[in-house]
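Below, chain A is the first sequence line, B the second, and so on; all start at residue 1.
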Amino acid sequence: MFVRGLKRKCFDGEEDIEGTLAGIKAIPSYNLQRQSLLDMSLVKLQLCHMLVEPNLCRSVLIANTVRQIQEEMTQDGTWQMINTQSTGQASLDRLVSTDILCRSSREQAEGKHVPGCSTFNKDFEGDQAQDNSETMSTVSSAQAPRNLQSNVWEMENPQENKGNFQKSLDQIFETLENKSPNSVEDLFSEVDNSYYDLDTMLTGMMSNTKMGHCDGLETFSSPTTTASNSNCKSDLNELDHIVEILVES
Amino acid sequence: SLAGLGNFVQDVLWCFSQVKGTIDIGVAEADIISTVEFNHTGELLATGDKGGRVVIFQREQESKNQPHRRGEYNVYSTFQSHEPEFDYLKSLEIEEKINKIRWLPQQNAAYFLLSTNDKTVKLWKVSERDKRPEGYNLKDEDGRLRDPSMITMLRVPVLRPMDLMVEATPRRVFANAHTYHINSISVNSDYETYMSADDLRINLWNFEITNQSFNIVDIKPANMEELTEVITAAEFHPHHCNTFVYSSSKGTIRLCDMRTSALCDRHAKFFEEPEDPSNRSFFSEIISSISDVKFSHSGRYIMTRDYLTVKVWDLNMENRPIETYQVHDYLRSKLCSLYENDCIFDKFECVWNGSDSVIMTGSYNNFFRMFDRNTKRDVTLEASRENSKPRAILKPRKVCVGGKRRKDEISVDSLDFSKKILHTAWHPAENIIAVAATNNLYIFQDKVN
């Protein structure tokens, strides 16, 4: 999060870069930028596990972005390459200027050069070099003041360090590919804890209520209750499961 | 003279009126304003903040002696609406931040408003007390009980004037009905019911009943793995008590009629603009996510805000908006950086003026924008302490998007993205606006000649 307006820093030869052949070589390729965006998105999803419940809208939008990237990578065959590549450094170090991604597909076809975004990121990376620890807090700006010890993500993987980050990313890639219970689902399943009034449930009143709501306004007719009941039933199954565990313990 | 105010003539000249809040360099997070709302007459202006407090300002009576001090807003009542809570089942904190405040129309001497955090909606009654009873028989002036055997005569208590006291009392607490975070509340035109919307569900409440609500929209998939879309905002039609709209993270708006079925999962109308395939990028969906939806006062139009634009839709045309206004299109080439620092997820609100002719929304660098729907003119203004002299006319601002920067312009790279105007409000009848800039509330009025 930028506290002040970002001022352009004067890197040597910066003005020379734009438009020259050397400059074009220095701009990372589309694939590299797309990879960087994917890594950044996965980091964002991981950092959602905080003290306060994650913003579901933000999580859904990021997860959809991850899916989009994965689909595109699957289509052009680069998805297979990721699993066979040797493990590299932590993804945060690999964040590169992603200005090509800011362009629409039309602009890319025209080969338009958009200098603004790369400058923006260059300044950001300049700050990044100064203070690496700020990078994490930039990404999770709202949680920056909190003690990183309480970061649930770190607590879940106490031995996680930057070297192991690639490994956990691999796990996420695998699960995304296999479409088996994956990190995205885990993320949502945490939010999905239906809360119930356990007392009400244990005394057998749940069959008459819908997850704590009552369809008590009798002026509304019944035809649609079947839809709501099916939701109720799947939640009730989860609830039975929870009760089983509680009762057995 | 109007020279120097820009290349176009404004019909309305906006002037600084007041600013509330401190000028401290370090802003306490609890003081960040999270919602602003005028009541139906404009007499009261309420703000909610991240610390769970509600502050209500009241407009003072206009004085003939000081006509240019047109009704200033002064603090009327302050109270703690919500407290932080802990959900033990999920081991998560429930923030006390006030997400929305909505006023009820005034029906007696007291004022009523709804305030909500992520989980709980509360109905508050704000009333004045300027008399107190004296002369009780069974207790003395300090409230201590008197010995009945010492009472030799009866008297009738009388009401004596006292200093005006404004008290806020919670009259209803509507809790335990939302698994997900509440983003909207909306009072129905029948004044008997209201709705609360979270990410996946919308509930209908009766004001008198707190222990049950009726679920009218549920978009939660059976398998959460399949979740790709959430509800972002919802509002009742201003006149038709059976009609409401809700917006989604995929840029769609659904209009529902509660008369057709109890569970309004089938929409009556579906508003979506077809995507321009040549403009597609990885960020297309995120920037199409609607952060706010508002009916016009007339009820004929709805306005939506997504990350870069404000759109006006005619209720009778579902396939595209009738008007689209660019709020800050220069950010289009910065989307990757704004994604990185999470600014792309900022939820800007939008408001109509009283006559539905002008719409307003916020931006970054404490800028806010107004669009005149009739003249098609727009203006960018800034809420800042530098422009805070009484009745100082606000100078239009301009962002330079490339090439030579003129003297008064600001370049895109110099914008301060931590200074965002997410919440604004427009007086229902007059040209008075309230703009929340982090922990400060600015009030601007049009120039009085």
Stepwise side-chain contact (heavy atoms from CB on, under 4.5 Å) check, B:K347 with A:C57: CA-CA 11 Å; B:K347 294 194 187 300; A:C57 181; 3.5 Å; yes

Measure distances from [X] to the heavy atoms of chain A and classify the residue's part below 4.5 Å as side chain, backbone, both or neither.
X: B:S248; result: neither
X: B:S249; result: both
X: B:L200; result: side chain
X: B:E226; result: neither

Mind checking what makes salt bridge (charged side-chain N to carboxylate O under 4.0 Å, His left out) contact with B:E409, not counting sequence neighbours? B:R406

Quick one: salt bridge (charged side-chain N to carboxylate O under 4.0 Å, His left out) partners of B:E285, sequence neighbours excluded? none

Around atom CZ of B:R266, are there more than 12 heavy atoms from other residues, nucleotides or ligands closer than 6.0 Å? no

Is the shortest heavy-atom distance from the side chain of [X] to the side chain of [Y] under 4.5 Å?
X: B:F345; Y: A:N55; value: no
X: A:L38; Y: B:F282; value: no
X: A:S41; Y: B:Y339; value: yes

Spacing of B:S289 atom OG and A:R58 atom CZ [to the nearest 0.5 Å]: 13.0 Å

CG (A:N64) and OG (B:S284) are apart, to the nearest 0.5 Å, by 12.5 Å

Is there a side-chain contact (heavy atoms from CB on, under 4.5 Å) between A:L56 and B:L227 once you walk through the steps? CA-CA 10 Å; A:L56 187 61; B:L227 180 66; 4.1 Å; yes

Shortest non-hydrogen contact between A:Q68 and B:R280, atoms and distance: OE1-NH2, 3.1 Å

